[in-house]
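Note sheet for the following structure.
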Amino acid sequence: MESFTILDKVSSSDGEGGMVTNWQDGAIIRAVATLDNSMQSRLAEAQGVTSIYTVTTARAVILGFHDVIRRESDGQIFRITSNAKDRKTPKVAGIDMAQCSAEAWALPSGGAHE
């Protein structure tokens, strides 16, 4: 496993009645992101879906739908597309892991207006 940083979404007023979303570094976690090379995934990519990954963490690290993480080794950003609490090993299992799906993603530049 390698270091990832959870990016926290912070919204603030843009001064004109709207909102600006920025991203701040949060907790550092240990995880692995592996590219899904299945035929179904490759067909989805050919139809315009972004690259699909499986993110594996320890059971205690529960990533949720639309959480955003950054892999520290190369700066790649991932947006979580499932809930890890739905795919984790039971406490009695010898393997301590949780998994979720993710997509390669880019943070909106300059803050995203909502």
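What's counted below: heavy atoms across the whole structure, side chains too, no hydrogens, waters or symmetry copies. For this chain, numbers begin at 1 and follow the sequence in order. Quick caveat, the model's predicted, so the values are computed rather than measured.
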Query raised in the report: Sequence neighbours excluded, which residues qualify as side-chain hydrogen bond (donor to acceptor under 3.5 Å, both in side chains) partners of S3?
Result: R30
At their closest point, which heavy atom of [X] faces which heavy atom of [Y], and how far apart are they?
| X | Y | answer |
| --- | --- | --- |
| T81 | A102 | OG1-N, 3.5 Å |
| V20 | N22 | CG1-ND2, 3.8 Å |
| K88 | A98 | CB-CB, 3.7 Å |
| G64 | N83 | CA-OD1, 3.4 Å |

Taking only residues two or more places apart in sequence, or in another chain, which ones meet [X] in a side-chain contact (heavy atoms from CB on, under 4.5 Å)?
| X | result |
| --- | --- |
| D8 | I6 |
| T5 | L7, D25, I28, R70, E72 |
| T56 | M1, T54, M97, Q99 |

Query raised in the report: Given the rule that I, L, V, M, F, W and Y join up when any side-chain heavy atoms are under 4.5 Å apart, are V55 and V61 in one cluster?
Result: yes
Query raised in the report: Are F65 and I77 co-members of a hydrophobic cluster defined by side-chain heavy atoms under 4.5 Å apart?
Result: no
Looking at [atom1] of [X] and [atom2] of [Y], how far apart are the two atoms once the value is rounded to the nearest 0.5 Å?
| X | Y | atom1 | atom2 | value |
| --- | --- | --- | --- | --- |
| I80 | I62 | CD1 | CD1 | 11.5 Å |
| I95 | T89 | CD1 | OG1 | 7.0 Å |
| S101 | F78 | OG | CZ | 12.5 Å |

Requested in this report: Could I get the full list of salt bridge (Lys or Arg N to Asp or Glu O under 4.0 Å) partners for R59, not counting sequence neighbours?
Outcome: D96
**Report entry** Residues that F4 engages under ring pair (Phe, Tyr, Trp, His ring centres under 6.0 Å), provided they are two or more places apart
**Finding:** none
Requested in this report: Would you mind reporting whether K9 and V68 have side-chain heavy atoms less than 4.5 Å apart?
Outcome: no
